[in-house]
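These notes concern the structure reproduced below.
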Amino acid sequence: MNRKLMRMLIVAAYILLPVLIAAVSLRNRSFLSAGPPFLGIVSYTWLLTGVIIASRPRFIEYYFSLDKLNRFHAIMAVVALAIGITHKLWVTLLWGWAYRYSTIFGDLAILFFLTIAVLSALVMTNWFGRKKIVKTAKTTLKKYPIANYEKMKFVHNFNIIAANFLAIHVLTMTIIVQGDYLAAAILGGYFALAFSLYINHKFLKPIRLKKNLYTVTRPEKGNVLEVHLKPDSGEIFPYRAGQFVFLRLYDPQYSPEEHPFSLISAPQDRDKVALAIKDSGDYTHRFQTLQPGVKASVEGPHGGMWHVQEGIHDKTVSMVMFAGGIGITPMLGILENSAYLQFPNKTVLVWSLKDRNEYGFTEKLQAFKEKLPDFRLVPFFANESGFLDEGKIDKILKDNEIRYEAAEYLLCGPPPFMNAVEAALLKKGIPKDRIHYETFGL
Ligand SMILES: Cc1cc2nc3c(=O)[nH]c(=O)nc-3n(C[C@H](O)[C@H](O)[C@H](O)COP(=O)(O)OP(=O)(O)OC[C@H]3O[C@@H](n4cnc5c(N)ncnc54)[C@H](O)[C@@H]3O)c2cc1C
């Protein structure tokens, strides 16, 4: 089915699901008394859908890329929580603090979700900008070991305890207080679905992955570290060009948390998978001393950049890639794929870097010029030429004889870089659906 249509259907289902559940669960209520529980059901359904999204369901990910899904998950968690708090206040205003045991679990759920949401927003996102109060909160938090993306990701798992409290609250209300077994079956069933997907994702999937380990064969140091991984079983999972995986290393030196990295190898290479890793923080810094022989699990593949290349059927349509820094990695995977396929379309890679010292993958990039029918490389150094803007992009497209209306644009890099390039392309009149991007933040 058409991807756009399917995306619209999924969004419609997301919005309608709580309405349908509420229609059945509140069928015996008068319109006026149905208001507060309706809000409760919307909050419950969306918070549980958040748990489902966090377990990376392949079906949904096929239509929405994981970075977009994660951003949606974060925003909707806040919306669902705000609706849940409104439900709580409305119920207390109307009926007081009734149904003691059930209410305690509802309150505990809100408390847990709220604490984790505030901590996550402060540590894992750049939300709220540079307001003084946010800066003070961030500085205070930094004194504690928890103020680290990886540790916060672990703390995030406690949301499942909150989801359990929420389910106890909802089920005791529907069974003990309302005596409505149909509503309890529907609401409980949705919780069971979300909970089992979460358990599968967090516990069963890692066990399965551990049975299919990879061995680090070539950690090669250049400007970024290139890592090759060979499957112990000889079987590599199928993937598409430019996708990414979550890597977990089984070595006491490295934290057990998984980290996302793009595949720079071609899907046709069934011998190994390759990653390129930049020293960006605690975890990736330790990679610089990675030794051959370390065991790893590889979870994936994820990401939808491949849709662009596979969707180009007209030879006159060019593929224009804008990579910022390490954002080159998915582009390398796509270019390897292009070399295998002898992709006939003109391909331009604009690689923006701080300075010439950051320039890497020189042999690989040079080889693409020979292997690909029509490949142009445009390195761009910010310390020499300033940041990419509309005028510079215009010149690059003109120099490479790109008809900007007959091209698909792929963007990957730091958010300010992607925002600037996207804004410049939109200003030139390029339709939004021709600009495709993936961010390196989940
Ligand atoms: C889809 C995707 C593809 C990526 N591909 C590459 C690649 O090919 N090469 C490369 O060098 N880097 C890649 N990254 C970035 C890489 O995952 C982070 O640089 C790395 O996880 C940082 O961890 P750290 O502890 O070294 O740094 P930290 O200082 O702890 O983190 C720096 C930033 O990295 C992100 N991050 C940290 N830990 C995690 C985690 N466990 N899961 C998700 N995000 C995390 C956060 O945005 C954080 O703010 C990719 C990221 C994403 C989302």
Side-chain angles (χ1 to χ4, degrees), residues 54 56 61 64-71 73-74 120-127 138 141-142 145-157 201-202 206 219-229 239-249 253-265 273-290 296-306 323-336 351 353 358 360-361 364 410-418 436-442:
R56 300 180 200 147
E61 213 196 310
F64 300 89
S65 67
L66 198 62
D67 57 335
K68 289 186 191 78
L69 264 184
N70 268 23
R71 275 198 297 282
H73 161 85
S120 306
L122 286 173
V123 177
M124 298 172 95
T125 73
N126 289 323
W127 291 2
K138 282 191 173 180
L141 256 180
K142 277 206 177 111
I146 198 182
N148 158 306
Y149 189 98
E150 201 178 66
K151 296 215 172 69
M152 202 55 228
K153 214 177 157 200
F154 174 76
V155 172
H156 217 76
N157 291 320
H201 173 63
K202 279 286 159 187
E220 192 175 290
K221 195 127 177 32
N223 264 2
V224 290
L225 183 82
E226 189 169 329
V227 179
H228 288 190
L229 296 150
Y239 66 93
R240 311 292 248 286
Q243 286 198 293
F244 67 93
V245 292
F246 284 87
L247 181 76
R248 184 176 272 140
L249 293 179
Q253 244 205 88
Y254 301 93
S255 90
E257 189 54 73
E258 50 173 17
H259 284 248
F261 298 104
S262 301
L263 293 153
I264 63 164
S265 41
V273 290
L275 312 171
I277 297 168
K278 188 184 168 200
D279 182 351
S280 316
D282 287 351
Y283 186 77
T284 43
H285 181 65
R286 258 168 271 146
F287 263 84
Q288 307 307 312
T289 52
L290 184 65
S297 71
V298 179
E299 195 273 319
H302 299 280
M305 293 282 251
W306 58 272
I326 191 62
I328 183 126
T329 49
M331 315 300 186
L332 291 176
I334 291 170
L335 290 168
E336 291 286 3
W351 190 15
L353 293 158
E358 282 200 337
F361 304 111
K364 234 187 241 304
L410 271 75
L411 278 50
C412 187
F417 164 82
M418 289 204 291
H436 317 270
Y437 54 86
E438 192 152 78
T439 53
F440 273 9
L442 291 177

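We count ligands from 1, going down the list as the structure has it; atoms in each ligand are counted the same way. All residue numbers refer to positions in the sequence shown, counting from 1.
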Looking at Y283, which atoms of ligand 1 are within less than 4.0 Å of one of its heavy atoms?
24 (P), 25 (O), 26 (O)
For the pair W306 (side chain) and G303 (backbone), establish whether a donor and an acceptor sit closer than 3.5 Å, ignoring hydrogens and angles.
yes
When you look at NZ of K142, are more than 12 heavy atoms from neighbouring residues, nucleotides or ligands closer to it than 6.0 Å?
no
Working for side chain to side chain donor-acceptor pair (under 3.5 Å), residues H259 and T284
CA-CA 9 Å; H259 284 248; T284 43; over 6 Å; no
With heavy atoms under 4.0 Å as the rule, classify the contact between F440 and ligand 1 as side chain, backbone, both or neither.
both
For R240, does its backbone N or O pair with a side-chain atom of Q243 as donor and acceptor, under 3.5 Å?
yes
May I ask you to list the atoms of ligand 1 that are less than 4.0 angstrom from any heavy atom of K278?
10 (C), 11 (O)
Measuring from the heavy atoms of D67, does anything fall under 4.0 Å of ligand 1?
no
Counting only heavy atoms closer than 4.0 Å, does ligand 1 sit against the backbone of P330, its side chain, both, or neither?
neither
What do you reckon, does A276 put a non-hydrogen atom under 4.0 Å from ligand 1?
yes
Counting N and O atoms only, with roles assigned by atom type, does the side chain of D67 sit under 3.5 Å from a partner on the main chain of T439, one being a donor and the other an acceptor?
yes
With distance as the sole test, does R248 use its side chain to make a donor-acceptor pair with the main-chain N or O of S297 at under 3.5 Å?
no
Taking only heavy atoms of G281 into account, list the atoms of ligand 1 that are under 4.0 Å away from them.
24 (P), 26 (O), 27 (O), 29 (O)
Have a look at Q243, H259, K151 and point out the one with the heavy atom closest to atom 21 (O) of ligand 1.
H259
E150 to ligand 1: N or O pair under 3.5 Å?
no
Heavy-atom distances under 4.0 Å are what count here, so tell me which part of T284 touches ligand 1: side chain, backbone, both or neither.
both
When you check the gap from the basic side-chain N to the acidic O, do R56 and E299 get nearer than 4.0 Å?
yes
Indicate, as side chain, backbone, both or neither, the part of E258 found under 4.0 angstrom from ligand 1 when only non-hydrogen atoms are considered.
backbone
Could you tell me whether E226 and K364 make a salt bridge, using a distance below 4.0 angstrom between a side-chain N and a carboxylate O?
yes
Whether Y254 and Y283 hold their rings parallel, tilted or perpendicular, with breakpoints at 30° and 60°
perpendicular
contact_flag L275 ligand 1 heavy-atom lt 4.0 Å:
no
Heavy-atom contacts with I277 under 4.0 Å: which atoms of ligand 1 show up? List them by number with element.
11 (O)
For ligand 1, which atoms sit closer than 4.0 Å to a heavy atom of F244?
1 (C)
What atoms in ligand 1 come closer than 4.0 Å to a heavy atom of T329?
7 (C), 8 (O)
Would I326 count as a polar contact of ligand 1, with the cut-off being nitrogen or oxygen pairs under 3.5 Å?
no
For the pair Y437 (side chain) and M418 (backbone), establish whether a donor and an acceptor sit closer than 3.5 Å, ignoring hydrogens and angles.
no
For E438 and ligand 1, answer yes if some heavy atom of the residue is under 4.0 Å from a ligand atom, otherwise no.
no
Return yes if some donor-acceptor pair links the side-chain N/O of T329 with the main-chain N/O of G327 below 3.5 Å, else return no.
no
